[in-house]
S.K.: 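Take a look at the following structure, please.
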2 protein chains.
Amino acid sequence: MFKDLDPLLHSQLRLSVVSLLVSLEEADFVFLREKTSSTAGNLSVQLDKLSEAGYIEIQKGYSGKRPRTTCRITETGRQAFEDYVEALKSYF
Amino acid sequence: MFKDLDPLLHSQLRLSVVSLLVSLEEADFVFLREKTSSTAGNLSVQLDKLSEAGYIEIQKGYSGKRPRTTCRITETGRQAFEDYVEALKSYF
DNA sequence: ATTATTTGGTTTACAATATAAACTTATTTA
DNA sequence: TAAATAAGTTTATATTGTAAACCAAATAAT
């Protein structure tokens, strides 16, 4: 009847992040924080979860002297997003 | 950028219930429990929340001698569902 | 030169949620 | 009349989501 919704994506902030990464391929922490209007703390936690699940890859580097965390979606993450969108359709 | 998702509907079970009620107009507790594959306890709690928010109306009556709880969606609930679907589009 | 502020985060503590287990009350069935 | 089933509700627990507090480094102000 209703398809299960991946709990990892069924969260406003994580869904926003993945949604952005699906089209952008790469985005840094500050960009994501601004686009999602989230706090840094919350974003940090949610990025870790997505990373833990293998949905995104996180690279910590530097932009000049300032730290710069960049994220990109993985194939797993892209697939999960597609599945999520598909599953949602069963509710409408 | 991303529209806020009504937390009351952004829950698999509550969304399932509202989704059913939007097209069915009326459904009883047992029907909802079966269609959503939920436990009675969980369903009971979530129905209360939807009712509390004015998204559904709950009527407790009898079918013969057995108790029968029937639910129907309210105009508020129907509108909230539409808004939720609309908001979701901003993520895709 | 030292102090204060900003930047880019992470950790942690707390509040809210979701969920199932346990319970209740009434009704059949054995 | 005892056991099982039905239809829920209540309550306890585990999981989440979130922001506040924190930290380290860089830049700006005095």
Side-chain angles (χ1 to χ4, degrees), chain A residues 2-21 26-53 55-72 80 84 87 91, chain B residues 2-21 26-53 55-72 80 84 87 91:
Chain A
F2 295 109
K3 291 184 187 160
D4 273 342
L5 299 172
D6 182 347
L8 247 130
L9 293 183
H10 200 61
S11 138
Q12 186 163 325
L13 182 48
R14 288 194 302 268
L15 186 63
S16 300
V17 167
V18 170
S19 170
L20 285 167
L21 293 178
E26 174 170 317
D28 67 24
F29 191 94
V30 173
F31 176 87
L32 291 174
R33 180 170 52 65
E34 285 170 354
K35 287 292 179 184
T36 60
S37 311
S38 62
T39 59
N42 193 6
L43 182 58
S44 177
V45 170
Q46 306 311 328
L47 287 181
D48 276 355
K49 288 185 187 174
L50 289 171
S51 168
E52 203 62 27
Y55 286 10
I56 67 172
E57 271 174 4
I58 299 180
Q59 278 186 22
K60 281 148 209 258
Y62 284 88
S63 165
K65 288 184 173 176
R66 299 200 159 286
R68 180 161 193 263
T69 299
T70 64
C71 308
R72 44 177 65 239
Y84 177 78
Y91 293 79
Chain B
F2 296 109
K3 290 184 188 159
D4 272 344
L5 299 171
D6 183 346
L8 246 130
L9 292 183
H10 199 60
S11 139
Q12 186 162 326
L13 182 47
R14 287 193 302 268
L15 186 63
S16 300
V17 167
V18 170
S19 170
L20 284 166
L21 293 179
E26 173 170 318
D28 67 24
F29 190 94
V30 173
F31 176 86
L32 291 173
R33 179 169 53 66
E34 285 169 355
K35 287 293 179 185
T36 60
S37 311
S38 63
T39 59
N42 193 7
L43 182 58
S44 177
V45 170
Q46 306 311 328
L47 288 181
D48 276 355
K49 287 185 188 173
L50 289 171
S51 167
E52 204 62 27
Y55 286 11
I56 67 172
E57 271 173 4
I58 300 180
Q59 278 186 22
K60 281 149 209 256
Y62 285 88
S63 165
K65 287 183 175 176
R66 298 200 159 286
R68 180 161 193 262
T69 299
T70 64
C71 308
R72 44 177 67 238
Y84 177 80
Y91 294 79

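A, B, ... follow the sequence lines: proteins, then strands. Residue 1 opens every chain.
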S.K.: How would you summarise protein contacts on nucleotides 3-12 of chain C per nucleotide, using B for base, S for sugar-phosphate only and - for none, with heavy-atom distances below 4.0 Å?
M.R.: ----SSBBBB
S.K.: I'd like to check the side-chain hydrogen bond (donor to acceptor under 3.5 Å, both in side chains) partners of B:Thr36; sequence neighbours left out, ordered by chain and number.
M.R.: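 B:Thr36 satisfies side-chain hydrogen bond (donor to acceptor under 3.5 Å, both in side chains) with B:Ser38 only.
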S.K.: Return the residues of residues 4-15 of chain B meeting this criterion: a heavy atom under 4.0 Å from some atom of DNA chain C. Order them by number, or give none.
M.R.: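 Nucleic-acid contacts, sorted: B:Ser11, B:Arg14.
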S.K.: For A:Ser16, enumerate each residue passing the side-chain hydrogen bond (donor to acceptor under 3.5 Å, both in side chains) test, keeping only those at least two apart in sequence or located in another chain.
M.R.: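 For A:Ser16, no residue satisfies side-chain hydrogen bond (donor to acceptor under 3.5 Å, both in side chains) once neighbours in sequence are set aside.
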S.K.: Is the A:His10 ring parallel, tilted or perpendicular to the B:His10 ring (thresholds 30°, 60°)?
M.R.: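 Parallel: the ring planes of A:His10 and B:His10 meet at under 30°.
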S.K.: Which residue lies toward the 5' end of DNA chain D, A:Gln46 or A:Tyr62, if each is placed at its nearest nucleotide?
M.R.: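 Its nearest nucleotide lies further toward 5', so the answer is A:Gln46.
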S.K.: When the distance from NZ of B:Lys65 to C1' of C:dT25 is rounded to whole Å, what number comes out?
M.R.: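 About 15 Å, once rounded to whole Å.
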S.K.: Expressed in angstrom and rounded to an integer, what is the separation of B:Glu52 atom CD from C:dA16 atom C1'?
M.R.: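 Going from CD in B:Glu52 over to C1' in C:dA16 covers 16 Å.
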S.K.: Throw together a table of side-chain donor-acceptor distances under 3.5 angstrom for residues 43-52 of chain B, partners on residues two or more places apart or in other chains.
M.R.:
{"unit_1": "B:Gln46", "atom_1": "OE1", "unit_2": "B:Arg14", "atom_2": "NH1", "d": "2.5"}
{"unit_1": "B:Gln46", "atom_1": "NE2", "unit_2": "B:Asn42", "atom_2": "OD1", "d": "3.1"}

S.K.: A:Phe2: which residues meet the ring-ring contact (aromatic ring centres under 6.0 Å, His included) condition with it, sequence neighbours left out?
M.R.: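 A:Tyr91.
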S.K.: With sequence neighbours excluded, tell me which residues meet side-chain hydrogen bond (donor to acceptor under 3.5 Å, both in side chains) with A:Gln59.
M.R.: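 Checked A:Gln59 against side-chain hydrogen bond (donor to acceptor under 3.5 Å, both in side chains); zero matches.
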S.K.: Sort and list the pairs that fulfil salt bridge (charged side-chain N to carboxylate O under 4.0 Å, His left out) and have at least one residue in residues 55-70 of chain A, not counting sequence neighbours.
M.R.: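 Pairs touching residues 55-70 of chain A that pass the test: A:Asp28-A:Arg68.
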S.K.: Taking OP1 and OP2 of C:dT19, is either one under 4.0 Å from a side-chain nitrogen or oxygen of B:Thr39?
M.R.: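 No, because none of the side-chain N or O atoms of B:Thr39 sits under 4.0 Å from OP1 or OP2 of C:dT19.
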S.K.: Give me each pair satisfying salt bridge (charged side-chain N to carboxylate O under 4.0 Å, His left out) with a member in residues 32-42 of chain A, each pair once, sequence neighbours excluded.
M.R.: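 Output for this query is empty, none listed.
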S.K.: Whole Å only: how far is the CD atom of B:Gln59 from the P atom of D:dA7?
M.R.: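 Nearest whole value for this atom pair: 18 Å.
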S.K.: B:Leu43 CG to D:dA7 P: how many Å, rounded?
M.R.: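 Going from B:Leu43 (CG) to D:dA7 (P), I get 13 Å.
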